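What you see is a predicted model, and the numbers here were worked out from it, not measured in a lab.
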Amino acid sequence: MALASALVQVIIGAVRKTARPMLRDFGEVAQLQVSRKGPGDFVTAADLKAEDTLFELLMKARPGYSFLGEERGLVEGTDKSHTWIVDPIDGTTNFMHAMPHFAITVGLERKHPDGSSEIVAGVTYNPVMNELFWAEKGKGCYLNDQRIRVSGRRDLSESLISTGLPFIGKTGHSQAIKDIHAVGQRVAGIRRLGAASLDFAWVAAGRYDAFFERNLQPWDVAAGILFVTEAGGTVTTIDIDGDPKNGKQILASNPELHPQLRKILQAA
């Protein structure tokens, strides 16, 4: 990992250390599937344990930084200009069902004196596949040691698109179905694999040509926004101009397809 800066090395080290017990936990999930109680409580404990590990390691490496995690919310630090944005297990439902499509994802947000902010470093790691995606502002996006780029497809009919659906009990199902119907008529295929951080990473790697979803959270999108832009892609909101880092509306794709898809989704 010679290309990674000291900052990125800190994140990678924390993520890899977190992944080791997570892999052991994942190995137990399949056995719990046959129990009457099921693996829900076990996975919740694994999620909390993973965030605790990330919090400890990242805060030790950069003591003053703030921390925003899915489980503990915002912990403000003395350095108001930097915030770790963390999802310890993105794709928890997959993890719970012993599906090997989940990730640990960490982004670092830097705030500027004028009030603007940007993601300056990010790491997303699928420990089962041993695929580590990482990027730093202005330095490109990488899968393990290889630099990656978004796809170059221009024809929607040849494109593979990823999306998500709201969890049970959350609003947005009807709009999501409308979006899928509108896009699905124009593309080669749509996939919904259940881990937004990996959807972004796969767009950056050219596996998907685009990803869209509404009603996400900052920890779902932080690292991924940097991946796609550093890999030559475009990330915006869908309906109105806004900050995609809040996760409310996301469209990430190669630059050729982006305006076409945005128009379709705005009309859905």
Side-chain angles (χ1 to χ4, degrees), residues 1-19 22 47 50-90 103-127 131-145 147-148 195-201 203-205 216-231 233 235 243-248 250 252:
M1 202 65 66
L3 293 172
S5 69
L7 173 63
V8 173
Q9 290 281 10
V10 163
I11 309 174
I12 291 172
V15 164
R16 287 196 180 277
K17 188 168 183 178
T18 302
M22 186 183 295
D47 206 10
E51 185 165 306
D52 286 344
T53 301
L54 288 168
F55 181 82
E56 177 185 345
L57 294 172
L58 292 172
M59 299 306 284
K60 181 179 180 181
R62 298 291 189 275
Y65 287 10
S66 297
F67 183 98
L68 176 62
E70 182 180 20
E71 302 302 331
R72 71 184 62 209
L74 177 64
V75 179
E76 291 191 351
T78 56
D79 182 346
K80 306 299 183 184
S81 62
H82 290 91
T83 302
W84 298 114
I85 304 177
V86 172
D87 192 342
I89 307 179
D90 181 37
I104 307 165
T105 184
V106 178
L108 179 62
E109 181 182 41
R110 178 175 295 154
K111 296 178 182 177
H112 302 297
D114 65 0
S116 64
S117 67
E118 61 181 347
I119 306 299
V120 296
V123 173
T124 294
Y125 183 45
N126 180 336
E131 289 192 332
L132 188 132
F133 298 86
W134 58 277
E136 192 167 8
K137 183 71 176 179
K139 298 183 179 179
C141 185
Y142 296 81
L143 168 53
N144 297 329
D145 291 326
R147 188 162 186 172
I148 55 178
S197 64
L198 290 174
D199 289 330
F200 277 106
V203 171
L216 292 171
Q217 297 293 334
W219 45 80
D220 297 315
V221 307
I225 288 172
L226 182 64
F227 293 165
V228 173
T229 54
E230 286 295 315
V235 182
D243 187 352
K245 293 195 298 299
N246 64 28
K248 300 305 180 185
I250 286 291

What's the separation between atom [atom1] in [X] and atom [atom2] in [Y], rounded to the nearest 0.5 Å?
| X | Y | atom1 | atom2 | answer |
| --- | --- | --- | --- | --- |
| Ile11 | Tyr125 | CD1 | OH | 15.5 Å |
| Ile89 | Thr105 | CD1 | OG1 | 13.0 Å |
| Asp199 | Leu216 | CG | CG | 9.0 Å |
| Glu230 | Arg147 | CD | CZ | 7.5 Å |
| Asp145 | Leu143 | CG | CG | 9.0 Å |
| Ile119 | Phe227 | CD1 | CZ | 10.5 Å |

Using only atom types and a distance under 3.5 Å, with no angle test, would you say the side chain of [X] pairs donor to acceptor with the backbone of [Y]?
| X | Y | result |
| --- | --- | --- |
| Ser116 | His112 | no |
| Asp90 | Ser197 | yes |
| Asn144 | Leu132 | yes |
| Gln217 | Asn246 | no |

Is it the case that over 12 heavy atoms from other parts of the model lie below 6.0 angstrom from the [atom1] atom of [X]?
| X | atom1 | answer |
| --- | --- | --- |
| Glu56 | CD | no |
| Lys17 | NZ | no |
| Lys245 | NZ | yes |

Non-hydrogen atoms of [X] and [Y] that approach each other most closely:
| X | Y | answer |
| --- | --- | --- |
| Ser5 | Glu136 | OG-OE1, 2.7 Å |
| Gly122 | Leu226 | N-CD2, 3.7 Å |
| Pro88 | Asp47 | CG-OD1, 3.1 Å |
| His82 | Arg110 | NE2-NE, 2.9 Å |
| Phe200 | Ala252 | CE2-CB, 3.9 Å |
| Gly107 | Ala222 | CA-CB, 4.3 Å |

Name each donor-acceptor pair under 3.5 Å that joins a side chain in residues 64-75 to protein atoms two or more places apart or in another chain, with its distance.
{"unit_1": "Ser66", "atom_1": "OG", "unit_2": "Gly77", "atom_2": "N", "d": "2.9"}
{"unit_1": "Arg72", "atom_1": "NE", "unit_2": "Glu51", "atom_2": "OE2", "d": "3.3"}
{"unit_1": "Arg72", "atom_1": "NH2", "unit_2": "Asp52", "atom_2": "OD1", "d": "2.4"}

>> Using side-chain contact (heavy atoms from CB on, under 4.5 Å), reason through Leu58 and Val86 one step at a time and then give a plain yes or no.
In response: CA-CA 10 Å; Leu58 292 172; Val86 172; 4.0 Å; yes
>> I'd like to know whether Trp219 forms a side-chain contact (heavy atoms from CB on, under 4.5 Å) with Ile85, so could you lay out the CA-CA distance, the side-chain angles of the two residues, the decisive distance to 0.1 Å, and finally the verdict.
In response: CA-CA 5 Å; Trp219 45 80; Ile85 304 177; 3.9 Å; yes
> Heavy-atom distance under 4.5 Å between the side chains of Arg62 and Leu7, does that happen here?
Replying inline: yes
> Can you check whether Val123 reaches Trp134 side chain to side chain, under 4.5 Å on heavy atoms?
Replying inline: yes
